[in-house]
Amino acid sequence: MGRGKIAIERIDNATNRQVTFSKRRGGLMKKARELAILCDADLALIVFSSTGRLYDFASSRGMEAILERYQEAKQEHCGVLNPTSEAKLWQREVTTLRQQVHNLQHNNRKLLGEELSGSTVRDLQFLVNQLETSLHSVRKRKEQVMAEEIHELNQKGFLIQKENIELGKKVRITHEQNIELQKKLSGAMRSSEQQASGSSSKAAAGLLLSTRAGEPRIFIDLELRQQEHEDE
């Protein structure tokens with residue numbers, strides 16, 4: 001059975017109050033440390049217990065540097081920055097950016113397997129986890145890109161196959177039309193040859209008849225001319 005929800009109010013029992021303070025302080029410190037490491041944040045945490053005991057946590061830049069930056073940022077937001085404070089703010093910003101660039105370069109070299117001599121087992125395990133996460137993301141993206149390319153190639157193959165089918169139909173129709181034209185052309189050539197043969201036969205027969213009909217007349221004319229010459 002789950003634990004009941006705790007009311008957010010002052011705990012009257014001193015022992016319970018101290019136990020709760022210790023547990024929640026430890027959780028708060030842990031969250032602050034994780035936030036500073038994971039997000040490269042400048043973080044300062046100050047806690048005073050009910051007995052006046054101090055507990056604090058600061059990121060790698062240190063408590064004093066963070067508190068000074070806090071004061072400058074507060075002055076900037078209030079609009080009371082003087083030229084000297086503004087110059088300091090910009091110098092601090094440049095220093096912060098340089099530190100961030102240095103940290104990024106250092107992390108990149110670690111990811112490449114360089115400058116690992118001073119790393120602890122925990123740091124190395126963190127790098128391994130980072131590399132595995134990055135490798136998983138790269139593989140996932142690679143599989144996605146390959147799936148998209150395969151899908152695109154399948155679509156192109158389907159379109160090419162469809163075009164081939166259409167071209168095959170057009171080629172078959174053209175072939176059938178050529179066969180019909182060849183048949184018609186052959187029929188027309190045979191008809192022309194037959195007509196030409198018939199005309200030649202009729203012309204030859206007419207010429208023969210004309211020649212035979214004119215032969216007796218030619219002989220009669222020759223005989224008449226010969227008889228006239230003898231009478232003279």
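The 12-atom threshold is exceeded at CZ of R25, counting heavy atoms of other residues, nucleotides or ligands nearer than 6.0 Å. Q161 CD: 12 or fewer foreign heavy atoms inside a 6.0 Å radius. Under a cut-off of 6.0 angstrom, the local environment of CD in E114 is crowded, with over 12 non-hydrogen atoms contributed by other residues, nucleotides or ligands. No more than 12 heavy-atom neighbours from other residues, nucleotides or ligands sit within 6.0 angstrom of OH on Y70.
In this structure, CZ on R33 lies 10.5 Å from CG on L28, to the nearest 0.5 angstrom. Residue N129 holds its CG atom at 11.0 Å from CG of L124, rounded to the nearest 0.5 Å. Between the CZ atom in R139 and the NZ atom in K142 there is a gap of 8.5 Å [rounded to 0.5 Å]. Between the CG atom in L159 and the CG atom in N154 there is a gap of 11.0 Å [rounded to 0.5 Å]. Separating the CZ atom in R109 from the CG atom in L104 is a distance of 10.5 Å, to the nearest 0.5 Å. Rounding to the nearest 0.5 Å places OG1 of T120 at 11.5 Å from CZ of F126.
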Open item on the list: What verdict does the side chain to side chain donor-acceptor pair (under 3.5 Å) test give for Q182 and N178, after you've listed the backbone C-alpha separation in whole Å, the side-chain angles of each residue and the deciding distance to 0.1 Å?
Closed with: CA-CA 6 Å; Q182 288 178 359; N178 288 335; over 6 Å; no
Task: Audit row: E180, K184, salt bridge (Lys or Arg N to Asp or Glu O under 4.0 Å) steps and yes/no - done: CA-CA 6 Å; E180 293 295 329; K184 291 180 180 180; 5.9 Å; no
Open item on the list: Using the rule given for side-chain contact (heavy atoms from CB on, under 4.5 Å), can you reason through R141 versus V138, listing the C-alpha separation, both sets of side-chain angles and the distance that settles it, and then say yes or no?
Closed with: CA-CA 5 Å; R141 178 56 184 169; V138 171; 5.8 Å; no
Open item on the list: Apply side-chain contact (heavy atoms from CB on, under 4.5 Å) to residues K183 and S186 and explain how you reach the verdict.
Closed with: CA-CA 5 Å; K183 290 180 179 180; S186 298; 5.9 Å; no
Task: Derivation and outcome, side-chain contact (heavy atoms from CB on, under 4.5 Å), residues S50 and F21 - done: CA-CA 9 Å; S50 59; F21 174 78; over 6 Å; no
TODO: Assess whether side-chain contact (heavy atoms from CB on, under 4.5 Å) is satisfied between E176 and R172, documenting all intermediate values.
DONE: CA-CA 6 Å; E176 293 175 354; R172 186 170 61 255; 3.9 Å; yes
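The minimum heavy-atom distance linking A65 with R92 is given by the pair CB-NH2, 3.2 Å. Residues L43 and A36 come closest through the heavy atom pair CB-CB, 4.5 Å. In terms of heavy atoms, G62 sits closest to A58 at C-CB, 3.8 Å.
With hydrophobic clusters built from ILVMFWY side chains whose heavy atoms lie under 4.5 angstrom apart, F48 shares a cluster with L67. Hydrophobic cluster membership differs between L153 and M146, with clusters built from Ile, Leu, Val, Met, Phe, Trp and Tyr side chains linked at under 4.5 angstrom. Clustering ILVMFWY residues whenever any of their side-chain heavy atoms sit less than 4.5 angstrom apart, transitively, puts F57 in a cluster other than the one holding I46. Clustering ILVMFWY residues whenever any of their side-chain heavy atoms sit less than 4.5 angstrom apart, transitively, puts I66 in a cluster other than the one holding L45.
Considering N13, V19, D12 as possible partners of N16, the one that fulfils the side-chain contact (heavy atoms from CB on, under 4.5 Å) test is N13.
The backbone N or O of G187 sits nowhere less than 3.5 Å from a side-chain atom of S191 that would complete a donor-acceptor pair.
The pair K162-E166 does not meet the salt-bridge criterion, since no charged nitrogen lies less than 4.0 angstrom from a carboxylate oxygen.
Between K31 and E34 there is a side-chain heavy-atom pair separated by less than 4.5 Å. Residues H151 and Q155 have side chains in contact (heavy-atom distance under 4.5 Å, counting atoms from C-beta outward).
Side-chain N/O atoms of Q99 and N103 include a donor and acceptor closer than 3.5 Å.
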